Amino acid sequence: MCGIIGYIGKRKATEVIMNGLKRVEYRGYDSAGISIIENGKLVTIKKSGRLNELNKLIDHNKYSSNIGFGHTRWATHGEPNDINAHPHLDNSGKVSIIHNGIIENYSALKSLLTKQGYHFKTETDTEVLAVYIGSIYEKNKNIAEAVRLALADVTGTFGLLVIAEDEPDKIIGARRGSPLVIGIGKNEFILASDQTAIVDYTKHVIYPDDNEMVILTKDSYVIKNLDNININKEITTIEFELNQLEKGGFPHFMLKEIFEQGKTIENATRGRIILATGDVRLGGLTEVADRLRTAKRIILTACGTSWHSALIGKYMIETLARIPVDVEYASEFRYRDPVIYPEDFVVAISQSGETADTLEAIREAKRKGCTTLGIVNVVGSSIARATDAGVYLHAGPEIGVASTKAFTSQVTVLLLFALYIGRMRSVSQTEGIRIIKEIQEIPKKIEKILQQADKIKEIAKRYSKSRNFLYLGRGYNYPIALEGALKLKEISYVHAEGYPAAEMKHGPLALIDDEMPVVFLATKDEVFDKLRSNLEEVKARGGKIIAIATENNEGNELIKNKVEHMIYIPETLPIVMPILSIIPLQLLAYYIADELGRDIDNPRHLAKSVTVE
Ligand code: F6R
């Protein structure tokens with residue numbers, strides 16, 4: 001949510017900034033802007049719309065500055081127009097800031113500053129902070145100190161960069177609740193909301209914690225907390241490679257990421273499964289293993305697609321580990337004073353590791369004294385650091401705003417997690433081996449599903465004009481129905497609902513007519529016969545059925561002539577099935593959105609990594 005990038009060093013700042021903004025554009029794309037200090041003067045250029053609109057305004061030959069920053073916005077306060085775009089300036093016009101997050105007490109600060117004679121040009125909370133910093137700077141003439149003092153009075157969240165014309169060799173960064181990474185180069189530094197904007201220049205990074213700030217010149221950095229105490233931080237290395245940030249010949253990141261899933265599942269399981277003994281090894285959980293063995297309750301908390309993974313995780317953990325599991329929307333959990341016992345485990349599931357609600361849910365759980373775990377993709381992210389222990393997905397950067405490969409990796413890691421605890425409790429070695437064998441087969445089976453992309457594309461073309469879709473499934477496929485519907489909604493803007501198939505007759509069946517495409521997850525499992533009855537009920541009312549069915553299921557004969565289309569996926573255990581059954585739904589959503597000409601990687605109103613609540 002909002003991408004930020006700052007640079008100080010020897011390179012041409014405008015180029016580094018624009019390059020970085022392209023990398024973080026998936027975090028927000030309502031408007032964009034930059035500030036640089038050119039020949040001692042602050043220059044700010046900003047524009048609503050996508051990054052190329054801003055780029056058109058920048059005369060790259062004209063500028064040679066080596067310091068500056070840029071911002072790509074996902075609007076929270078004020079509509080996404082030119083004036084509300086970041087950067088924002090103080091009243092002197094000499095201090096510029098970019099900001100990711102929300103200043104909650106901006107109204108109070110604004111009225112205070114207005115009374116003191118300061119004025120405002122925009123509706124944003126960020127401008128208030130800029131003016132406030134400027135008002136302190138006016139008196140103390142020390143930009144780092146002005147930032148520090150101003151932030152002490154701020155409630156809310158920020159990932160913030162500041163430059164001042166009168167201190168043209170300095171860039172200040174600070175964070176609370178919004179991500180900020182410092183890239184350490186040779187006589188140069190990059191500050192960004194995201195590792196992806198840094199990896200072009202250096203793989204060495206520092207992750208400041210909340211309420212910390214950094215003061216950079218081209219050859220020095222000082223990190224301190226907002227209480228003015230200097231802090232030493234470890235330099236770590238970014239794990240992924242640059243080519244993971246390219247589309248690799250695919251028209252969209254989303255399609256590339258769908259096709260990567262065989263590999264990403266391998267990465268999620270590598271070194272973690274032991275076929276000979278049917279065991280799972282999760283190094284990140286060693287310290288809490290004993291407590292997990294005797295856990296009385298696990299609470300999974302997440303948002304959006306990750307919440308759908310959590311629902312599947314509940315079924316998996318309850319089946320294999322026989323521990324009751326609650327699944328909570330992080331945004332609800334954090335505010336409703338949940339009952340948490342010290343012996344509970346609260347597990348956050350998050351691709352980005354930065355989702356504000358999920359992060360706060362974990363903090364709330366910690367305050368209540370239980371053990372917290374993270375199942376997270378981005379290494380070094382806030383949730384990864386805030387939790388007591390955890391397991392990384394190792395899915396590599398996910399750039400498409402609609403989550404695909406992170407979802408299947410989350411479900412895979414949740415299966416490993418369930419089996420890990422299950423083997424410490426009641427799951428037999430034989431059962432462990434049976435499941436691990438199937439896990440090893442997943443990448444091959446995913447490839448088989450992906451080979452049907454053209455067939456799914458044809459089905460997508462046929463239904464691309466439909467304005468409503470239903471997705472129905474039972475058991476492990478119920479959360480898949482929810483996830484399939486979400487994928488379609490978010491990238492094609494077509495209304496879709498996911499439902500547990502048996503619930504249809506309690507109301508939603510009234511929606512069915514001969515215009516309604518209904519996607520049935522009709523895979524082979526113990527509820528197949530029950531689902532078949534639900535399918536008959538939809539058919540009897542004229543619904544157009546697309547069935548996702550398992551190869552070699554004798555039951556298919558009974559549904560074949562009731563449906564318009566069958567998409568076959570390979571056979572596996574029901575507990576492994578959701579990792580396969582989501583893939584045709586990802587492709588269906590992708591091809592419908594493509595047919596409708598949607599901006600698939602950057603759907604309207606959305607952004608990757610929701611760092612505001
Ligand atoms: C949908 C999607 C979102 C995210 C949600 C949580 O495709 O990507 O629903 O799943 O915003 O994000 P993370 O997993 O980063 O916490």
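Order of listing sets the numbers, starting from 1, for every ligand and every atom in it. Here, residue 1 is the first one in the sequence, and each next residue gets the next number. In this text, all values refer to a predicted model and were calculated from it rather than measured experimentally.
- Legend: side-chain hydrogen bond (donor to acceptor under 3.5 Å, both in side chains) pairs involving residues 491-500, not counting sequence neighbours, sorted by first then second residue: Asn468-His495.
- Salt-bridge annotation for Arg385 and Asp209: present, with a side-chain N of the basic residue lying under 4.0 Å from a carboxylate O of the acidic one.
- Salt bridge Asp200/Arg23: present, at least one basic N to carboxylate O contact under 4.0 Å.
- Sorted by chain and number, the heavy-atom contacts of ligand 1 below 4.0 Å come from Cys303, Gly304, Thr305, Ser306, Ser350, Gln351, Ser352, Thr355, Val401, Ala402, Ser403, Lys487, Glu490, Val610.
- Summarising the local packing, NZ of Lys448 is surrounded by 12 or fewer heavy atoms from other residues, nucleotides or ligands at distances under 6.0 Å.
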Would His252 and Tyr590 satisfy side-chain contact (heavy atoms from CB on, under 4.5 Å), going step by step from the backbone distance to the final call? CA-CA 10 Å; His252 297 99; Tyr590 173 82; 2.7 Å; yes
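- The residue from Lys233, Glu234, Glu212, Gln195 that alone fulfils the side-chain hydrogen bond (donor to acceptor under 3.5 Å, both in side chains) condition with Tyr207 is Gln195.
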